[in-house]
Amino acid sequence: MTATIIDGRKTAKQVRHDVSIQVQDFTARYERKPKLAVILVGDNSASKVYIGQKEKACVEVGIDSVTITLSPSVGMDGLMGEVKRLNEDPNVDGILVQLPLPEDFDETAIIEAIDPLKDVDGFHPVTIGRLVAGDDTLFPCTPNGIVELLVRYGIETKGKHVVIVGRSNIVGKPLANLLLRRGNRGDSTVTVCHSRTNDLAQYTRQADILVAAIGVPDFIQADMVKDGVVVIDVGINRISAPSTKRGYKLVGDVDYDEVSEKASAITPVPGGVGPMTVAMLMLNTVTAARTREGMLGPKDHTLEEF
Ligand code: GUN
C-alpha cells in the first residue's frame, strides 16, 4: 500500500489563510486587530525558537503580538502580576505563558491565573472542563491540529477506533476528549494506552487511527499496526546524526520507513503535526477575540466553518 503523506506544512498554511480572513473581518468590524501576548520567563533556547515561530505566524495572519520577557528573578509574584495585568488589558485577547517555566515556578498556579476567555493554549482547568463536558471552548492547539489534519484529509473519525499512545495533559488526554465529542470532528471510539499498559501492541494493532505521543524514537514498529491504518506521529525526538550539519536529526515516535509500507496515510516528522500547533494557536487567538467582542455565542463552533 502506498501511504498518503499527510502534509502538515501545507495544511497549516491553509489554516493560516482561513484565519487571516477571519482576522480581516474582525479588524474591519472592531477597528483593532486581535492581540496575542506571550510571556517568556528566562532564556530557554527552545522556547525562544517556538516564540519566534508564533510571532512570525501572527504577522502573516494579521494578529498583533507582544512578547514579554521576564527575568526569573521576578519570582511567582512578579509573573502573577504580569498575568493579572494582561487579564485586565481590554486590547489583549490571548495570553500564552511559554512552558516550561524555570524551576521554583508553580506552573499550575500560573495557568489557573489566566482568564479562561484568554486561555489560547487551552490549558486552564475551566477550559479543559468545558472540553470534557462537550461544550464549546478554546481547544488545546496540538490535539485540535491533529483533528484538523484528519478533517482536511477527509479521514472520517465517526465510529473509528482511535488508539492514542501517551496520556499527557497536552496531547493524549485532550485529544481523547476531542475525539469523543459528538459530531463531525469526533464520534470516535477511543483507547488511551501509556507506559504501564500491558501488551500494548494488542491495542495498537486494533487501531483504525493510531496516534503516537510517547517521546521515544521509532517506538511504533510495523508489527504493531494493521494494514491500512492512519498514523499520526506527534513525537519530535532529536537523535545524533554526525553526518548532518547540525549533528542531529529529528525523528518521530514511529518507524516511518517500515510503518508507511502498511499505512494508508501517515504524518512525517518534521512537517506533520508540528506546524499545525502554531496555526491552531492563531485560530484560538481570533476565536478568543471574536468571543470577547460578543461575535460568537456559547453555541457557535468556529471550526465548523472550515
Ligand atoms: N512549550 C512547548 N509547547 C508549548 C505550548 O504549546 N504552549 C506553551 N504555553 N508552552 C509550550
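Each ligand, and each atom within it, is numbered from 1 in the order the structure gives. Throughout, residue positions are numbered sequentially from 1 according to the sequence presented.
When atom types are taken as modelled, the side chain of K54 and the backbone of L96 share no donor-acceptor pair closer than 3.5 angstrom. Between the side chain of D121 and the main chain of F123, no donor-acceptor pair closer than 3.5 Å is present. Using modelled atom types, one side-chain atom of Q221 and one backbone atom of D218 make a donor-acceptor pair closer than 3.5 Å.
Among all non-hydrogen protein atoms, the one lying nearest atom 7 (N) of ligand 1 is D121 OD1, 3.0 Å. What sits closest to atom 4 (C) of ligand 1 on the protein, heavy atoms only, is Q98 NE2, 4.1 Å.
Residue T277 has no N or O atom closer than 3.5 Å to an N or O atom of ligand 1. For the pair L99 and ligand 1, the shortest N or O to N or O distance falls below 3.5 Å. For the pair P100 and ligand 1, the shortest N or O to N or O distance does not fall below 3.5 Å. Annotation: Y50 places no N or O atom under 3.5 Å from an N or O atom of ligand 1; distance criterion only.
Contact annotation: for V97 versus ligand 1, heavy atoms closer than 4.0 Å belong to the backbone alone.
With S188 as reference, T157 is the one residue of D208, I164, L175, T157 to meet the side chain to side chain contact (heavy atoms under 4.5 Å, CB included) rule.
Heavy-atom proximity to L96, at under 4.0 Å, picks out these atoms of ligand 1: 9 (N).
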Item to complete: Start with the C-alpha distance between E112 and V83, add both sets of side-chain angles, then the distance that settles side chain to side chain contact (heavy atoms under 4.5 Å, CB included), and finish with yes or no.
Response: CA-CA 10 Å; E112 288 184 6; V83 170; over 6 Å; no
Practice prompt. I would like to know whether M276 and T11 meet side chain to side chain contact (heavy atoms under 4.5 Å, CB included); could you show each step before the answer?
Written response: CA-CA 7 Å; M276 294 299 290; T11 311; 4.0 Å; yes
